[in-house]
Amino acid sequence: MTVEIANIVGSGDLGVELDLEALEGDLSTPYLEYDPSNYHGLYVRLEEGGPLITVYRSGKYIISGCPSEEVLRKTNDGFLRALAELGITDEAQQTGFTVQNVVCTAMLNEMVSLNALSIGLGLEVTEYEPEQFPGLVYRPEGIGAVLLVFANGKLVITGAKDAETAEVAYNHLQSKVQELV
DNA sequence: TAGCCGGATTCTTATATATTGAATCGAT
DNA sequence: ATCGATTCAATATATAAGAATCCGGCTA
C-alpha cells in the first residue's frame with residue numbers, strides 16, 4: 001500500500017442536548033478538557049494520546065486523529081458506550097456517524113520539478129509559491145481531494161471522504177507525472 | 001438599531017521551509 | 001560568571017473537514 005492514512009475525521013450526532021460541564025464530571029476517562037472561555041467544545045480522549053472527540057452542547061461531535069477507519073469506529077463505539085452507561089443516550093441510538101476527511105501520505109515513483117509540474121498540471125488547478133509554502137497545491141477537477149506535492153516526491157492527500165478517493169487521487173497524479181517525465 | 005452573514009476560532013495529521021527563540025558551549 | 005556563538009527545538013507558513021460561538025461589518 002503506497003497510500004497510507006495519517007488521519008481520519010468523522011462526525012456524528014447524539015440527538016440530545018448536553019450539559020458539557022456535567023458531562024465533564026460524569027465521564028470516567030481522565031483525559032478531558034473543557035474551558036468555555038477558550039473554546040465552547042468539550043475535548044474527550046478515551047485513552048492517553050488517543051483520538052480526540054470534540055463534543056458540543058447540541059449533542060453533535062467530531063472525532064479526529066484516527067490512524068485508521070478501524071480506530072475511528074472503535075473510538076465512536078467506545079464513546080457511545082460511555083454515554084449509554086451514563087444514561088445520557090439509549091443503547092442503540094443511531095447517530096449517522098460519517099467520515100468527513102481522510103488525510104494520507106504517499107510518495108511519487110517519478111519526480112519532476114514543482115515548477116514544471118504546476119505548468120504540466122495547469123496553472124488553474126495548482127498553486128505553487130515556494131516562498132510562502134514549500135509544497136505545490138493541486139486541486140484536480142472531478143476528484144474530491146486536494147494534493148500537496150513536495151520537491152522530494154512526498155505527498156499529502158487531504159479532503160477525501162474515503163480512502164478510495166485518496167487512492168484515486170494518487171493514481172491520477174502518478175499517471176500525470178508519468179506523462180511529464 | 002436589529003438582524004443577518006461571513007470570517008476566525010479549536011483540533012488532528014502528514015508534509016517542508018524559514019525564522020525565531022531558547023538553551024547550552026567554549027572561552028574569557 | 002558572563003558574553004558571542006552554535007545548535008536545537010518550536011512556530012509560522014499551507015491543506016481538508018466537522019462542530020458552535022464569537023466578532024465585525026453590512027443592510028434594511
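Letters A, B, ... mirror the listed sequences (proteins, then strands); counts begin at 1. The structure displayed is predicted, hence computed values, not measured ones.
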Report task. Would you mind reading off the distance between Q100(A) atom CD and dA17(C) atom C1', rounded to a whole angstrom? Result -> 6 Å

Query - Residue of the set I8(A), L52(A), I5(A) for which side chain to side chain contact (heavy atoms under 4.5 Å, CB included) holds with C66(A) - result: I8(A)

Query raised in the report: Which whole-number value in Å describes the distance from I5(A) CD1 to dA14(B) P?
Result: 13 Å

Requested in this report: Among residues two or more places apart or on two chains, list those pairs meeting ring pair (Phe, Tyr, Trp, His ring centres under 6.0 Å) that have a residue in residues 101-126 of chain A.
Outcome: none

Using the 3.5 Å cut-off, write out each protein N or O paired with an N or O of nucleotides 5-7 of chain B and the distance between them.
none

Query raised in the report: Got a sec? Which of residues 105-128 of chain A come in under 4.0 Å of DNA chain B, heavy atoms?
Result: T105(A)

Query raised in the report: Would you say the ring centroid of Y43(A) lies under 6.0 angstrom from that of Y34(A)?
Result: no

Query raised in the report: What residues in residues 40-70 of chain A put a non-hydrogen atom under 4.0 Å from any atom of DNA chain B?
Result: Y43(A), R45(A), L52(A), S64(A), G65(A)

Query raised in the report: Below 4.0 angstrom from OP1 or OP2 of dT13(C), is there any side-chain N or O of Q132(A)?
Result: no

**Report entry** Inter-end axis angle, the helix from dT1(B)-dA28(C) to dT28(B)-dA1(C), with every axis fitted to five base pairs (rounded, 10 degrees)
**Finding:** 60°

Query raised in the report: How close or far is atom C1' of dT13(B) from atom CD of E4(A), stated in whole angstroms?
Result: 13 Å

Requested in this report: Measure from CZ on F97(A) to P on dA17(C) and round the result to the nearest Å.
Outcome: 16 Å

Query - Of the listed nucleotides dA16(B), dA16(C), dG18(C), the one nearest the side chain of V9(A) - result: dG18(C)

Requested in this report: Check the surroundings of atom CZ in R73(A): do more than 12 heavy atoms from other residues, nucleotides or ligands lie under 6.0 Å from it?
Outcome: yes

Query raised in the report: Taking CD from E129(A) and P from dA14(C), how many angstroms apart are they, rounded to a whole number?
Result: 9 Å

**Report entry** Separation of atom CG in L147(A) from atom P in dA14(B), rounded to whole Å
**Finding:** 18 Å

Query raised in the report: In chain order, what residues pass the side chain to side chain contact (heavy atoms under 4.5 Å, CB included) check against Q174(A), with sequence neighbours excluded?
Result: L108(A), N109(A), Y170(A), Q178(A)

Query - Length of the CZ-P vector between F133(A) and dT19(B), whole Å - result: 16 Å

**Report entry** CD (E131(A)) with more than 12 external heavy atoms under 6.0 Å
**Finding:** no

Query raised in the report: Hey, does V103(A) reach any base, or is it just sugar-phosphate, or nothing, if we go heavy atoms under 4.0 Å?
Result: base

Query raised in the report: Rounded to whole angstroms, how far apart are CD on E131(A) and C1' on dA14(C)?
Result: 15 Å

Query raised in the report: Which one, dT17(B), dT15(C), dA20(C), comes nearest to the side chain of Y39(A)?
Result: dA20(C)

